[in-house]
Structures are given as structure tokens and as C-alpha cells.
Amino acid sequence: MAEANLDPVFQIQRVYLKDVSLEQPNSPEILLNQEQPSVDIQLGVGATPIAEGLFEVAVTATVQTRIADKTVFLVEAKQAGIFEIRNVPPEQLGSILGIACPQIVYPYLRGNVADVIQRGGFPPVHMAEINFQAMYEQQQAEAAAAAPAASQIIV
């Protein structure tokens, strides 16, 4: 009888643009305004098991530029990847899904967001590099801080 291979497996199956939208609710009037817009960028990471040993990891970005209280443009994008992850200790799976996978997916998201913004007629917004390890550790610390409060029993 052949022994099962228990070596750790980490493979990228596919990286794809899952969703993207560009809105210019105040065009064309806002385009005549010469003021420098403010830029707000929000990022998120999510992981979903899709089959035994397969996970979809998605990085989302919302980029909104405003002049005063009017939106110049709003881009929402979700870049995802399918990853095969097997024979990894359970305590390491979270960091792989929260750090390693987003680091692979994020450059694709950055390029697609910059491209959509440029195709919309604006100078591209270059999203900075992200330290996904620090982001993951912060989320873990926040979850740990919230857990004791949620588990308290009031008598």
C-alpha cells in the first residue's frame, strides 16, 4: 500500500479580477474643477474555503476621490485567487490565508485599479505597498481583545 504524501502543499490555481466598478456621479461638472481632490483608500481581505484544500482569497479596494463634499470618482474592485493549501498545521493556515495569499493577489489589484482609473480619464492612483503581516497581526489582536468581552457572563 502506498503511503499518503503529507508534504505541505501551497499552489496558486488562478488569480482573477472578480469585480470592478467605476462611478463618476458628478461628471462632467466636477471635471472642470481645478482643485486637488482628496483620496481615500480602504482595503479588505477575505478568505473562503471552496473545497477540501482549496481556498478563495480576495483583496478588495475602495478608492474614492472628493472635492469638497462631491465625489470625483469611486472605484470598487475585488481581486481574488484560488489557492491549494494542504497538509499545513491549523495554527499556520490563518497566516497563510491572511498574509501570503494577499501578498500574491494585491499587485494584480493595484494594477487593475490604476488601469480602471486611467481609463476613466483620470491620472492613475498608485496604491502603496501593504504590509499584510502587520495588517493580519492587528486584526488578530483586535479579535483577541474583543473575545474576552464577548465571553463574559453577567449574573
Side-chain angles (χ1 to χ4, degrees), residues 1-27 31 36-66 71-151:
M1 220 165 128
E3 264 187 48
N5 183 356
L6 297 178
D7 290 339
V9 174
F10 178 80
Q11 292 183 351
I12 304 166
Q13 298 295 318
R14 176 168 292 192
V15 175
Y16 54 98
L17 182 61
K18 187 163 183 163
D19 187 24
V20 67
S21 69
L22 167 67
E23 298 174 26
Q24 296 184 44
N26 295 298
S27 293
L31 300 175
Q36 188 69 21
S38 64
V39 178
D40 179 43
I41 300 173
Q42 301 292 321
L43 291 175
V45 175
T48 307
I50 54 176
E52 180 65 34
L54 292 177
F55 299 86
E56 178 189 59
V57 175
V59 181
T60 58
T62 302
V63 179
Q64 184 173 24
T65 59
R66 301 175 72 83
T71 297
V72 178
F73 67 81
L74 171 68
V75 172
E76 295 174 314
K78 181 184 280 190
Q79 188 81 37
I82 298 173
F83 296 88
E84 180 180 5
I85 306 169
R86 299 183 190 277
N87 305 322
V88 172
E91 63 274 8
Q92 292 179 0
L93 184 60
S95 62
I96 291 170
L97 294 172
I99 301 169
C101 296
Q103 285 176 330
I104 292 167
V105 171
Y106 183 68
Y108 295 94
L109 177 68
R110 287 177 64 200
N112 283 326
V113 167
D115 186 52
V116 165
I117 291 169
Q118 195 167 7
R119 289 178 186 271
F122 301 99
V125 171
H126 296 287
M127 296 170 21
E129 290 292 326
I130 300 296
N131 182 339
F132 285 101
Q133 181 170 349
M135 188 173 164
Y136 177 77
E137 288 171 358
Q138 179 184 353
Q139 289 171 341
Q140 294 302 303
E142 289 170 2
S151 64

Step-by-step side-chain contact (heavy atoms from CB on, under 4.5 Å) determination, Met127 to Leu43 | CA-CA 10 Å; Met127 296 170 21; Leu43 291 175; 4.0 Å; yes
On a heavy-atom basis, the closest approach of Val57 and Val105 is O-CG2, 4.2 Å
Quick note, side-chain hydrogen bond (donor to acceptor under 3.5 Å, both in side chains) partners involving residues 94-110, not counting sequence neighbours, are Arg110-Glu129
Are the side chains of Val63 and Val39 in contact, using a 4.5 Å heavy-atom criterion?
yes
Check your understanding: Going by heavy atoms in the side chains, are Val20 and Asn112 under 4.5 Å from each other?
Key -> no
Review point. Tell me, do Cys101 and Phe132 make a side-chain contact under 4.5 Å, heavy atoms counted?
Key: no
### Message
I want to check something: taking the side chain as every heavy atom from C-beta on, are Ile130 and Val59 in contact at a cut-off of under 4.5 Å?
### Response
no
Here the gap from Glu84 atom CD to Gln11 atom CD, rounded to the nearest 0.5 Å, amounts to 5.0 Å
d(Arg86 CZ, Asp7 CG) to nearest 0.5 Å is 13.5 Å
Quiz item: Within a reach of under 6.0 Å around CD of Glu142, are more than 12 heavy atoms found that belong to other residues, nucleotides or ligands?
Solution: yes
Exercise for the section: State, yes or no, whether a side-chain contact exists between Ile104 and Phe83 at a heavy-atom distance under 4.5 Å. Expected result: yes
Of all heavy-atom pairs linking Pro124 and Ala114, the shortest is CB-O, 3.8 Å
Minimal heavy-atom distance between Val9 and Val88, with the atoms involved, is O-CG2, 4.4 Å
Paired with Thr71, the side chain to side chain donor-acceptor pair (under 3.5 Å) test is passed by just one of Glu23, Gln64, Gln24, namely Gln64
dist Thr48:OG1 -> Glu56:CD (nearest 0.5 Å) comes out at 5.5 Å
Notebook entry, point to check: Checking Gln79 side chain against Thr60 main chain: does a donor-acceptor pair fall under 3.5 Å?
Noted result: no
* To do: For residues Phe122 and Thr65, determine if any side-chain heavy atom of one lies less than 4.5 Å from a side-chain heavy atom of the other.
  => no
The reported gap from CZ in Arg66 to OG in Ser38 (rounded to nearest 0.5 angstrom) is 7.0 Å
| task | Would you check if Val113 and Val125 make a side-chain contact, meaning some heavy-atom pair closer than 4.5 Å? | result | no
Do other residues, nucleotides or ligands put more than 12 heavy atoms under 6.0 Å from the CD atom of Glu91? yes
### Task
Using a 4.5 Å cut-off on heavy atoms from C-beta on, say whether the side chain of Phe55 contacts that of Ile96.
no
